[in-house]
Each structure stands twice: as structure tokens, then as C-alpha cells.
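Below, chains carry the letters A, B, ... as their sequence lines are ordered, and counting in each starts from 1.
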Amino acid sequence: MAMLEVHSVKKSFGALEVLKGVDLRVEQGDVVAILGPSGSGKTTLLRCMNFLERADGGEMVFDGERFPLERISKKDVARLRRKTAFVFQNYNLFRNKTALQNVTEGLIVARKMPKGQALDIARRALAKVGLSDREDHYPSQLSGGQQQRVAIARAIATDPEIIYFDEPTSALDPELTGEVLAVMRELAREGMTMLVVTHEMSFARNVSNRVIFLERGAVVEEGDAKSFFQSPREERTRAFLRTLSGEEHTEKESET
Amino acid sequence: MTEGLWSLLVDSFWQILLPGLTMTLPLTAVSFTFALIIAIAVALVQFARLPVLRHLARFYIWVIRGTPLLVQLFVVFYGLPHVGVLIDAVPAAILVFSINEGAYCAETIRAALESVPPGQMEAGQCVGMSYLQVIRRIVLPQAMRTAFPTLANSLIAMVKDTSLAANITVTEMFMVTQRIVAWSYEPLALYIEVGLIYLLFCTVLTKVQHFGEKKLQTYGYQGG
Ligand SMILES: Nc1ncnc2c1ncn2[C@@H]1O[C@H](COP(=O)(O)OP(=O)(O)O)[C@@H](O)[C@H]1O
Ligand SMILES: [Mg+2]
């Protein structure tokens with residue numbers, strides 16, 4: 001049984017139909033990459049799955065429990081959010097809290113964990129993302145890459161069953177993406193279940209085990225990472241991959 | 001300047017400063033504290049879009065900001081006794097100043113709340129905090145920081161506005177000055193003197209404000 005499934009997720013903003021019935025399943029230990037052109041609904045899908053947006057229709061099955069997305073109760077939302085974590089494109093660290101406090105907040109306040117225990121966990125999480133020496137820094141005193149690593153520490157500290165990532169590196173300067181991707185690769189190696197919206201093809205190819213290609217609010221193709229990249233079935237997937245490899249080419253050219 | 005006038009000014013300086021320290025400043029401090037409590041509550045019910053309360057909040061702000069402070073003082077102190085509600089001068093002043101200042105500060109705090117990026121709330125909810133927990137620990141502290149300079153200005157303005165309480169028999173600095181003028185016939189010198197004492201108070205508070213702003217800036221982001 002899959003750990004997490006969603007069925008026919010629908011979402012419109014006014015007249016704009018952004019998600020047209022998306023299905024998705026994630027097994028425990030999966031690293032699923034969601035690819036797709038800008039505006040295809042990737043962020044909206046993740047936000048619906050964590051109830052930052054209320055979907056217009058669809059169903060979620062989490063650990064065997066069923067939830068109707070458009071009328072899930074507040075209580076269930078709170079319960080599900082405690083099993084998940086979210087890493088935002090623009091980090092969204094609490095600006096009035098230090099790196100360490102950013103990590104402990106969800107433990108002490110939301111989970112009523114004793115302070116000493118929370119500090120232990122938070123220190124370990126920050127050590128894991130290589131930021132032990134930045135515990136007392138405020139977000140404004142950290143680089144983008146460091147902020148995103150604190151955000152990842154904040155996510156793993158709550159011991160989630162799955163972490164959602166929404167383009168975690170796309171707000172970063174190119175030279176800072178590596179440090180964040182390295183942390184994510186390490187998490188994947190340890191068996192963390194991850195659902196990752198990304199434009200990093202090397203991550204999708206080498207780290208994820210499954211890939212979903214989303215276009216205009218619908219899944220065009222999904223499959224294991226290897227066959228997705230080596231032998232995409234859909235012409236639209238091939239076209240998308242071509243534009244990307246084109247970009248990679250021009251990037252390489254402009255670097256030399 | 002004649003010697004007589006000089007010694008009048010020296011004597012009256014202490015006579016005016018004393019009610020400044022025992023009435024004007026405490027009246028300001030107490031009223032402003034209540035005003036902040038009112039303002040935070042009124043700002044939050046609007047920010048959280050609570051169904052009925054937010055309309056009440058808008059009504060309150062509309063009425064208070066649209067009527068003169070002096071009129072409000074008169075309504076409470078001279079008007080309410082007519083319907084059997086008698087409030088002593090000082091409590092009446094505190095009541096009116098709190099309610100009046102609360103309306104202005106509520107607008108300041110509401111704007112500051114709106115300026116906190118929505119991602120802060122979303123991130124808080126994603127780590128499992130409830131709406132109220134995120135408000136209390138993340139959004140409100142950031143908003144209060146943004147609002148600090150404006151609130152400090154309001155506080156300074158309020159020090160001066162307390163002089164209106166003389167009109168409802170509160171023995172604060174201005175009232176005491178008027179009494180001295182009544183027997184000494186030196187209105188120009190004495191009104192300038194009381195003005196300078198207000199200026200002194202406000203200058204000290206402005207210094208405190210700048211110190212506070214620096215302190216807030218040293219640990220992190222620049223509000224907004
Ligand atoms: N809150 C919103 N209100 C109105 N339109 C939105 C909102 N959020 C997203 N959209 C629209 O929905 C579409 C999909 O957006 P998004 O999910 O962010 O795509 P992606 O993450 O794949 O780039 C876009 O056309 C975007 O403009
Ligand atoms: Mg997006």
C-alpha cells in the first residue's frame with residue numbers, strides 16, 4: 001500500500017483551471033521528482049497537498065486513511081501537517097527567530113516537546129545540514145543557501161513521514177545550489193520520503209527514483225527515473241526534455 | 001528680564017514639572033498601555049477577518065478617528081453624568097485617551113500585520129503550529145517591530161495631547177500653568193515655559209525611540 005496517494009486533485013483560481021484532476025502516489029522511501037514548465041501547476045499541487053490551498057475536489061489517502069481534499073476538517077489538516085514538512089522556494093524562515101529557534105519552534109510550540117530535548121534535536125538537525133556554527137544567526141545574516149539548509153533542518157527536525165520541496169534551489173544563485181542539493185541527496189540516501197518539484201535535471205535523473213511530468217495541470221507522463229529520461233513515451237515529454245537540454249547547452253556555452 | 005519674573009519662572013518650573021512627573025507622564029504611560037492592548041485586539045480581529053468583530057472594529061475606528069479628542073473628553077466627563085454615569089476626572093481621561101489612541105494604533109498595527117509576508121504564516125502552519133500560535137510567536141512580533149517607530153511617534157504625540165485633560169479638571173502640567181498665570185499675569189513667559197517642559201519630555205522620548213530602533217535593527221532584518 002502506498003504511503004501517500006492523491007486522486008483527481010482539482011483546483012481553479014476563478015476561471016483559470018490550474019489542476020485538472022491529478023493523481024499521484026508515493027511509496028515510503030520514494031524520492032519523486034515533479035517536472036513541468038512554469039505555470040503548469042506544480043506549486044499549486046504541493047500547496048493543495050499540504051492544505052495551503054484548499055483543493056476544489058479530489059481525495060488523499062495518507063497511511064491508509066482517506067480524506068476528501070475539499071472538505072477536510074481542521075483537525076485532520078493539523079494532524080496531517082504534523083506528519084509532513086514543507087520546504088519553500090523562498091525558504092520562509094521565521095525572520096524574528098535565530099536558525100536554532102527556527103528549528104525548535106515546531107518542536108516546542110507545536111509538539112509541546114521539552115525544551116532540552118528540542119534543543120538536542122535542533123542542534124543535530126543543524127549539524128546535519130552543516131550549519132552548527134550558525135545556530136545564533138538570524139535569517140537576514142545568512143546566505144540563501146544557508147537559509148534553505150536551515151529550512152531543511154527545520155523540516156527534518158519534526159521527523160516527518162514525507163517532505164515536500166517546492167523548487168528548493170531555484171531562488172538561489174547558481175553557485176549556492178550545490179550545497180542544498182548535497183543535503184537533499186544525503187536525505188534521499190538515508191531513505192527520507194521526498195516529493196520534489198525541481199528544475200534540476202541532474203537531481204531528477206540521479207537522485208529521484210520516480211519522475212512525474214506535469215503540464216497544464218495534468219500528468220502527462222510518469223515513470224521510474226531511468227526510463228523517463230532514457231525512453232520517454234510521450235512526445236510532449238520529449239519536447240520538454242529537449243528544451244531543457246537546449247538550455248543546459250547554452251548555459252555550458254556561455255560559461256566557457 | 002526682571003528679577004521678579006526670573007524667580008517666578010524658577011519657582012514655577014518645579015511647580016509645573018511636579019504634575020508633569022506625577023500626572024502627565026503616568027497618565028500617558030497608563031493610557032498608552034491600554035491603548036496598545038486595545039489596538040492589538042482591534043488590529044487582530046481585522047487581520048484574521050473575524051466575521052462580526054471586524055465590522056465592529058471598523059466602526060470603532062471610524063467614530064474615534066472622525067471626532068475630536070476634546071469632544072470625546074467632554075462627552076465622557078460632562079455628558080455621561082447626565083445619564084447617571086459619573087466617572088472621576090482622571091479615570092475619565094485615561095478611558096478617553098486609551099480608546100482614542102487605541103483607534104490610531106490599531107491602524108498602525110493592522111498595516112504592520114498586513115506587511116508581514118504570508119509565507120511566514122504558511123511556514124508556521126507547515127511546522128504544525130496553530131493559527132493563533134503563529135500569530136503570537138511569529139507574525140505579531142514582526143509586526144510590532146515594523147510598527148515600533150510609528151507607535152513611538154504616537155506615544156510622543158500623546159504626551160502633548162494629555163494637556164487637553166486640563167479641560168476636564170485633571171491637574172496636569174497645563175492646568176497648573178494656567179493657575180499660576182491666573183495670579184501672576186505672566187502668560188507669555190509661563191506658557192513658553194510649560195511648552196519647553198513638554199519639549200524636554202518629548203526630546204527624551206525621541207532619544208529612547210532612536211535607541212530602541214537601533215536595538216531592533218542590530219538583531220536582524222529591517223522590518224517591513
Ligand atoms: N493564488 C493564485 N491566484 C490566482 N492564480 C494563481 C494563484 N496561484 C497560482 N496561480 C496560477 O496558477 C497557475 C499555476 O501556478 P503554479 O502552481 O505556481 O505553477 P508552477 O509552480 O508549475 O510554476 C499559474 O497560471 C498561476 O498564475
Ligand atoms: Mg512553482
### Task
Select all residues of residues 97-113 of chain A having any heavy atom within less than 4.5 Å of some heavy atom of chain B, and report them by number, or 'none'.
A:K97, A:E105, A:G106, A:V109, A:A110, A:R111, A:K112

### Residues of residues 58-76 of chain A contacting chain B, heavy-atom criterion under 4.5 Å, by residue number
none

### Task
Quick one: list whatever passes ring pair (Phe, Tyr, Trp, His ring centres under 6.0 Å) with B:F211, sequence neighbours left out.
none

### Query
Are more than 12 heavy atoms from other residues, nucleotides or ligands located less than 6.0 Å from atom CZ of B:F59?
no

### Task
Tell me, yes or no, whether the heavy-atom count around B:F148 atom CZ, taken from other residues, nucleotides or ligands under 6.0 Å, exceeds 12.
yes

### Message
I need the contact set between residues 80-90 of chain A and chain B: heavy-atom distance under 4.5 Å, sorted by residue number.
### Response
A:R81, A:R82, A:T84, A:F86, A:F88

### Message
Tell me whether B:E122 contacts the main-chain N or O of A:L52 through its side chain, where contact means a donor paired with an acceptor under 3.5 Å.
### Response
no

### Summary
For A:R95 and B:Q120, the nearest pair of non-hydrogen atoms, with its separation, is N-OE1, 3.3 Å

#### Entry: Exam field: side chain A:N92 to backbone B:P118, donor-acceptor pair closer than 3.5 Å
no

### Task
Identify the heavy atoms of B:I138 and A:N96 that sit nearest to each other, and give their distance.
O-ND2, 3.7 Å

### CD/A:Q117: more than 12 non-hydrogen atoms of other groups inside 6.0 Å
yes

### Task
Please tell me if the side chains of B:V127 and A:F94 come closer than 4.5 Å, counting only heavy atoms from C-beta onward.
yes

